[in-house]
Novice: 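Below you'll find the structure I mean.
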Amino acid sequence: MASYVEIFFGIAAVFFALYYYFTSTFDFWKIRGVHGPRPIPLFGNVKDVMFTRICMSDYLRKLYEQYRNEQMIGMFVRRTPVLVLRDADLIKDVLIRDFSKFADRGVPVHDKMEPLSPHLFNLEAERWRPLRTRLSPVFTSGKLKEMFPLILECADNLEEYLEKVVAKGEPVECRELTAKYTTDVIGSCAFGIETNALSDKESEFRRMGRMVFANNFSQIIRFRFRQAMPWLYNLLGYVLPPTEITTFFTKVIVDTMNYRTQNDVVRPDFVNMLLELKKHPDKLENIKLTDTLLTAQAFVFFIAGFETSSTTMSNALYELALNTDVQDKLRKEIAEHYEKNNGELKYDHVKDMTYLDLVFRETLRKYPPGAFLLRKSMCDYTFNGTKVTIPKKTFVWIPVLGIHRDPKVYPNPDAFIPERFDDDAVAARNPMHYMPFGDGPRNCIGARFAVYQSKVGLIKILRNHKVEVCEKTMIPYVIDPTAFILSPKEGIYLKITKVEK
């Protein structure tokens, strides 16, 4: 009998210990006077996110709307406190004014389990700063102008490929169409490699791109395991072999760098910049410059460059199919520019298409790929105008999707209205109310490149074709709860037909 009592009390002790562990932080925001939803043990406030009923960006949007009278909201990811900022001035403090105190994103790097994870997006401030400084020159307007003929060549290939697709008379899955195009652009402009995603169904680069963003069960489990037990996850890297993705990209980048070194090949692209870093490692203090670290920088340029741009392009096509007046106006602008410039498309012409820019910016407002921004405090910090102080290593998130869909900032936010970005309208808004590429020193390094490759692709698609909704079009738009970046749940199927001239 005594043994049963001991077992009972033993189980009870374990239960209460676990309960205490998972709830011991739950007074964190209460004692600081920050309001927020009530957390539950084990899950905090993200149970529906963990069970993939809703994506994090959409959950944060709902939180943003629910606490509309608050400057900030306190929530918990399992037992970890996270501060969600609503107030534009506080957001500016974190991203710009006091950036040095929030220079980290707080994304863990797992060098052993994921050798390609120490890239520019994830890296802590110490390694991020010198790498960002050395890699930034490849994204200047001058370098982009040099790359423009390569982008244009891929866009011409897209136009040819589209002719074949349209001839079939079937609904077109636009995310796949645009992903093939952006994969070819990144391959050519970043690595000097013909990825043949448009011309070859078996393109290895396109296959790898699909694998990186696959939303299957194993990927979700891997992500949850990495979040819950990062220390154990990283230990597995000592016993498990590298993934196919790691092996593929490491071989491609290392082989490309070796070939260029041996054959004295110089191109105005990202690999050339990596080679310059490799030749002068002394310029990067306190950084051990390995082939793997260099490959990680190329890897993030590839995955971020093709996926965010292709998703934005397909979202733009979706809205243009729903808003035919906007589409007709845009096509008219494209036609006028081609007529004025003797049927040619040059670097400066893209910048001159003002309505295209309005359409593009409105697409990014409604569907920001990076739908929330992550920062982590590097010291104790008191927010200006408040009594709220957070300790070092506190997570601070900015709900971009919530801000972009705020009816007080953008009346009738679900409507697609490019004129929201006329000069007068933009001047009347707080700059912190539009952040599709983040803001401050740690904004998207490749924003300019992404804008150009996306706009050129849209010009080529819309010049001679129109997009329309069809029986397979997803209406209304449903966000994929399992996706890493904001994207549609069922793909974007549209009818694409040749324009009668």
Side-chain angles (χ1 to χ4, degrees), residues 135-162 177-195 197-198 265-273 276 301-302 304-306 308-314 316-317 320 329-364 369 418 421 423 426 436-437 443-465:
L135 294 176
S136 290
V138 82
F139 296 103
T140 61
S141 56
K143 278 287 193 292
L144 183 56
K145 201 167 186 176
E146 290 179 28
M147 293 180 190
F148 189 75
L150 301 175
I151 298 176
L152 200 57
E153 183 182 356
C154 294
D156 289 337
N157 293 337
L158 169 64
E159 204 169 14
E160 289 179 22
Y161 177 77
L162 188 58
L177 172 72
T178 55
K180 288 180 176 180
Y181 159 68
T182 55
T183 297
D184 280 351
V185 173
I186 296 293
S188 178
C189 294
F191 311 138
I193 295 171
E194 291 186 10
T195 61
L198 282 166
V265 175
V266 177
R267 282 172 54 99
D269 60 15
F270 197 76
V271 168
N272 190 65
M273 185 63 70
E276 287 299 311
F301 185 20
F302 172 76
F306 95 81
T308 56
S309 293
S310 62
T311 300
T312 299
M313 286 176 67
S314 57
L317 294 172
L320 291 171
K329 186 175 179 179
L330 176 55
R331 188 178 296 103
K332 183 181 177 184
E333 179 183 69
I334 293 169
E336 287 173 352
H337 272 76
Y338 268 94
E339 187 178 344
K340 186 170 67 176
N341 296 291
N342 302 315
E344 290 186 323
L345 182 62
K346 295 183 178 179
Y347 178 80
D348 291 327
H349 299 166
V350 178
K351 192 166 51 177
D352 291 340
M353 295 189 193
T354 53
Y355 195 65
L356 171 62
D357 188 57
L358 300 185
V359 168
F360 192 74
R361 288 202 271 175
E362 174 69 345
T363 301
L364 287 172
F421 291 92
D423 290 344
V426 171
F437 297 107
N443 65 349
C444 175
I445 190 174
R448 188 184 284 112
F449 181 91
V451 169
Y452 259 81
Q453 73 164 343
S454 301
K455 285 183 177 180
V456 171
L458 288 172
I459 289 168
K460 289 292 183 175
I461 292 171
L462 295 167
R463 183 192 176 195
N464 296 313
H465 298 88

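All residue numbers in this chain count up from 1 along the given sequence.
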Novice: Report the residues that fulfil side-chain hydrogen bond (donor to acceptor under 3.5 Å, both in side chains) with Asn272, sequence neighbours left out, ordered by chain and then residue number.
Specialist: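 Not a single residue meets the side-chain hydrogen bond (donor to acceptor under 3.5 Å, both in side chains) criterion with Asn272.
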Novice: With Lys329, which residues qualify under salt bridge (charged side-chain N to carboxylate O under 4.0 Å, His left out), at least two apart?
Specialist: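 Testing Lys329 for salt bridge (charged side-chain N to carboxylate O under 4.0 Å, His left out), a comparison that skips the adjacent residues, returns Glu419.
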Novice: Quick one: are Glu160 and Leu198 in side-chain contact, heavy atoms under 4.5 Å?
Specialist: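 Sidechains of Leu198 and Glu160: no contact.
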Novice: Looking only at non-hydrogen atoms, find the nearest pair between Leu158 and Ile461 and report the distance.
Specialist: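 Taking every non-hydrogen atom into account, CD2-CG1, 3.9 Å.
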Novice: Could you tell me which residues satisfy side-chain contact (heavy atoms from CB on, under 4.5 Å) with Val138, sequence neighbours excluded, listed by chain and number?
Specialist: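 Partners of Val138 by the side-chain contact (heavy atoms from CB on, under 4.5 Å) criterion, ordered by chain and then number, come out as Met147, Phe270, Met273.
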Novice: Restricting to side-chain hydrogen bond (donor to acceptor under 3.5 Å, both in side chains), what partner residues turn up for Glu159, sequence neighbours left out?
Specialist: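 side-chain hydrogen bond (donor to acceptor under 3.5 Å, both in side chains) check on Glu159 returns Asn464.
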Novice: Between Cys189 and Ile151, what is the shortest heavy-atom contact and its length?
Specialist: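 Nearest pair, atom of Cys189 first, then Ile151: SG-CG1, 3.7 Å.
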Novice: Please round to the nearest 0.5 Å and tell me the distance separating atom OG1 of Thr363 and atom CZ of Phe421.
Specialist: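 With rounding to 0.5 Å, OG1 (Thr363) is 9.5 Å from CZ (Phe421).
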Novice: Applying salt bridge (charged side-chain N to carboxylate O under 4.0 Å, His left out), can you list everything that pairs with Glu344, at least two apart in sequence or on another chain?
Specialist: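 For Glu344 the salt bridge (charged side-chain N to carboxylate O under 4.0 Å, His left out) partners, ignoring immediate neighbours, are Lys346.
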Novice: Would you please name every residue forming a side-chain contact (heavy atoms from CB on, under 4.5 Å) with Asn341, sequence neighbours left out?
Specialist: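 With sequence neighbours excluded, Asn341 shows a side-chain contact (heavy atoms from CB on, under 4.5 Å) to His337, His349, given in chain and number order.
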Novice: Tell me if a side-chain donor or acceptor on Thr178 pairs with a main-chain N or O of Ser310 at a distance below 3.5 Å.
Specialist: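 It does hold such a pair.
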Novice: Please walk me through it: do Thr182 and Thr308 pass side chain to side chain contact (heavy atoms under 4.5 Å, CB included)?
Specialist: CA-CA 9 Å; Thr182 55; Thr308 56; over 6 Å; no
Novice: Can you measure from CZ (Phe360) to NZ (Lys455) and round to the nearest 0.5 angstrom?
Specialist: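 Reported value, rounded in 0.5 Å steps: 6.5 Å.
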Novice: For residues 446-454, which side-chain donor-acceptor pairs fall under 3.5 Å, sequence neighbours excluded?
Specialist:
residue : atom : partner : partner atom : Å
Arg448  : NH1  : Phe139  : O            : 2.9
Tyr452  : OH   : Tyr347  : O            : 3.4
Gln453  : NE2  : Gly305  : O            : 2.8
Gln453  : NE2  : Ser309  : OG           : 2.9
Ser454  : OG   : Ala450  : O            : 2.8

Novice: Is a donor on one side and an acceptor on the other found under 3.5 Å between the side chain of Arg331 and the backbone of His465?
Specialist: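 Yes, the answer is positive, given that a donor and an acceptor are paired below the 3.5 Å cut-off.
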Novice: What's the spacing between Arg267 CZ and Glu146 CD if we round to 0.5 Å?
Specialist: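 Arg267 atom CZ to Glu146 atom CD measures 11.0 Å (nearest 0.5 Å).
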Novice: Tell me, please, which residues at least two apart from Ser314 pass side-chain hydrogen bond (donor to acceptor under 3.5 Å, both in side chains).
Specialist: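 Partners of Ser314 under the side-chain hydrogen bond (donor to acceptor under 3.5 Å, both in side chains) test: none.
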Novice: Kindly indicate, with the supporting measurements, whether the criterion side chain to side chain contact (heavy atoms under 4.5 Å, CB included) is fulfilled by Leu356 and Ile334.
Specialist: CA-CA 8 Å; Leu356 171 62; Ile334 293 169; 5.6 Å; no
Novice: Nearest 0.5 angstrom please: Leu330 CG to Leu358 CG, how far?
Specialist: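 That separation rounds to 10.0 Å.
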Novice: Could you walk me through whether Tyr181 and Cys154 pass the side chain to side chain contact (heavy atoms under 4.5 Å, CB included) test, one step at a time?
Specialist: CA-CA 7 Å; Tyr181 159 68; Cys154 294; 4.1 Å; yes
Novice: Can you list the residues that meet the side-chain hydrogen bond (donor to acceptor under 3.5 Å, both in side chains) rule with Asp352, with sequence neighbours excluded?
Specialist: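 For Asp352 there are no side-chain hydrogen bond (donor to acceptor under 3.5 Å, both in side chains) partners, ignoring immediate neighbours.
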Novice: Can you tell if the side chain of Leu345 reaches within under 4.5 Å of the side chain of Met353, non-hydrogen atoms only?
Specialist: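 Contact flag for Leu345/Met353 side chains = yes.
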Novice: For Phe302 and Phe191: C-alpha separation, side-chain torsions, deciding distance, then whether side chain to side chain contact (heavy atoms under 4.5 Å, CB included) applies.
Specialist: CA-CA 9 Å; Phe302 172 76; Phe191 311 138; 3.9 Å; yes
Novice: Please identify each residue that fulfils salt bridge (charged side-chain N to carboxylate O under 4.0 Å, His left out) with Glu336, with sequence neighbours left out.
Specialist: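 In terms of salt bridge (charged side-chain N to carboxylate O under 4.0 Å, His left out), with neighbours along the sequence ignored, Glu336 is linked to no residue.
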Novice: Could you pull out all residues at least two apart from Asp348 that satisfy side-chain contact (heavy atoms from CB on, under 4.5 Å)?
Specialist: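 Once residues adjacent in sequence are excluded, the partners of Asp348 under the side-chain contact (heavy atoms from CB on, under 4.5 Å) criterion are Lys145, Lys351.
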Novice: Going from NZ on Lys180 to OG1 on Thr195, what distance comes out if it is rounded to the nearest 0.5 angstrom?
Specialist: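 Reported to 0.5 Å precision, the distance equals 11.5 Å.
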Novice: Are any non-hydrogen side-chain atoms of Ser188 and Leu150 less than 4.5 angstrom apart?
Specialist: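 The answer is yes, as the side chains (C-beta and beyond) meet within the 4.5 Å cut-off.
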Novice: Looking at every heavy atom in both Leu177 and Leu162, which two are closest together, and how far apart are they?
Specialist: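 Looks like CD2-CD1, 3.9 Å.
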Novice: Could you note down all residue pairs passing salt bridge (Lys or Arg N to Asp or Glu O under 4.0 Å) where residues 182-195 supplies at least one of them, sequence neighbours left out?
Specialist: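 Applying salt bridge (Lys or Arg N to Asp or Glu O under 4.0 Å) to every pair that reaches into residues 182-195, excluding sequence neighbours, yields nothing.
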